[in-house]
Amino acid sequence: EMFTTRVEAVRENFMAVAAPLMYVSNDYSDEPDLVEVPPPAENIHPTLVWRTESGYFSVRTSVLDTSQANGITVWHIQIISEPEMVQRRQFIRVPVTLKANAHFSNRSIEVHVVDLSEGGLRFQSHDLKSKPNVGTIHLDLIIDGHMILLSGTIVRFSKEPNGMGS
């Protein structure tokens, strides 16, 4: 699982980070509760990931202990690996399997969204044999039972099965 946190302090091979938060369902409301993620077991080494202008980097860590500071649980972690570039893209792509309908030039086709990111998405369709010559494409996408309407442009097209309809 991936959680967001905030760096509180950095020293050579040590960091202090705010305990990550996660949403947990409850019995009294439709809205989930936001709770702290418990520190991992001693033999579990979380990976810390951060973004720079040149891409995403990661390091393996070990949680040494925790403390309280101004009502916030702080994890004291030791960095146990060298930083490694994990993603050159500006936005991390998340693999998904979603059906959607694409609309362009008075035509509608079913597509399969295979990844999402803050910067766009990638879909596949057997109905596209060449890149459509259109300015804007519209997608009807259903995520968790909610219809999401998207508009965008096709910036890349490939006839290869794993690259179609980017």
Side-chain angles (χ1 to χ4, degrees), residues 1-8 10 15 17-37 40 44-61 72 75 77 79 81-166:
E1 292 184 72
M2 186 178 263
F3 304 103
T4 302
T5 187
R6 181 181 71 234
V7 175
E8 300 291 331
V10 179
M15 297 180 85
V17 300
L21 302 175
M22 67 179 173
Y23 287 102
V24 177
S25 298
N26 60 58
D27 294 333
Y28 54 87
S29 170
D30 289 339
E31 295 295 318
D33 292 328
L34 191 59
V35 300
E36 290 181 352
V37 174
I44 303 295
H45 300 287
T47 300
L48 183 68
V49 178
W50 69 96
R51 182 173 81 185
T52 69
E53 289 181 9
S54 57
Y56 284 84
F57 292 83
S58 72
V59 291
R60 289 193 45 195
T61 67
I72 298 171
W75 291 6
I77 62 175
I79 299 168
S81 72
E82 292 295 318
E84 178 181 327
M85 181 176 267
V86 292
Q87 175 80 256
R88 293 188 188 280
R89 299 179 179 279
Q90 183 178 2
F91 303 107
I92 291 178
R93 290 184 175 197
V94 178
V96 296
T97 303
L98 301 169
K99 286 186 180 179
N101 290 310
H103 311 281
F104 55 93
S105 301
N106 296 323
R107 184 173 172 207
S108 293
I109 61 170
E110 184 177 279
V111 299
H112 301 276
V113 178
V114 296
D115 68 44
L116 292 171
S117 76
E118 290 181 58
L121 59 82
R122 181 166 57 109
F123 67 80
Q124 297 175 336
S125 175
H126 296 293
D127 294 330
L128 287 177
K129 304 302 180 205
S130 62
K131 181 178 177 180
N133 189 16
V134 296
T136 302
I137 185 168
H138 302 280
L139 286 172
D140 303 338
L141 183 65
I142 297 177
I143 298 178
D144 292 332
H146 301 283
M147 174 74 76
I148 300 172
L149 305 175
L150 303 172
S151 295
T153 57
I154 297 176
V155 295
R156 254 183 311 288
F157 180 85
S158 171
K159 292 183 181 181
E160 299 299 317
N162 64 351
M164 291 171 59
S166 294

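Reckoned from all heavy atoms, side chains included, excluding hydrogens, waters and symmetry mates.
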Let's go through Val17 and Thr61 carefully: what are the C-alpha distance in whole Å and the side-chain angles of both, what is the deciding distance for side chain to side chain contact (heavy atoms under 4.5 Å, CB included) to 0.1 Å, and is it a yes or a no? CA-CA 12 Å; Val17 300; Thr61 67; over 6 Å; no
Quick one: are Leu116 and Leu98 in side-chain contact, heavy atoms under 4.5 Å? yes
Residue set satisfying salt bridge (Lys or Arg N to Asp or Glu O under 4.0 Å) with Glu8, at least two apart, ordered chain then number -> Arg6
Say you draw a straight line from [atom1] of [X] to [atom2] of [Y]; how long is it, rounded to the nearest 0.5 Å?
| X | Y | atom1 | atom2 | answer |
| --- | --- | --- | --- | --- |
| Ile79 | Leu48 | CD1 | CG | 7.0 Å |
| Thr5 | Ile77 | OG1 | CD1 | 8.0 Å |
| Ser125 | Asn101 | OG | CG | 10.0 Å |
| Arg60 | Glu84 | CZ | CD | 10.5 Å |
| Glu82 | Ser58 | CD | OG | 11.5 Å |

What residues form a side-chain hydrogen bond (donor to acceptor under 3.5 Å, both in side chains) with Tyr23, not counting sequence neighbours? none
Partner residues of [X] under the side-chain contact (heavy atoms from CB on, under 4.5 Å) criterion, sequence neighbours left out:
| X | result |
| --- | --- |
| Thr52 | Trp50, Ser54, Phe57 |
| Thr4 | none |
| Val37 | Phe3, Pro20, Met22, Trp75 |
| Ser105 | Val134 |

Enumerate, atom names and distances included, each donor-acceptor pair closer than 3.5 Å involving a side-chain atom of residues 135-152, sequence neighbours excluded.
from   : atom 1 : to     : atom 2 : distance (Å)
His138 : ND1    : Ser151 : OG     : 2.8
Asp140 : OD2    : His103 : NE2    : 2.7

Between the main-chain N or O of Val35 and the side-chain N or O of Asp33, is there a donor-acceptor pair closer than 3.5 Å? no
Salt bridge (charged side-chain N to carboxylate O under 4.0 Å, His left out): pairs with one or both residues in residues 98-121, sequence neighbours excluded: Arg93-Asp115, Asp115-Arg122
Of all heavy-atom pairs between Ile44 and Pro46, which one has the smallest distance, and what is that distance? O-CD, 3.4 Å
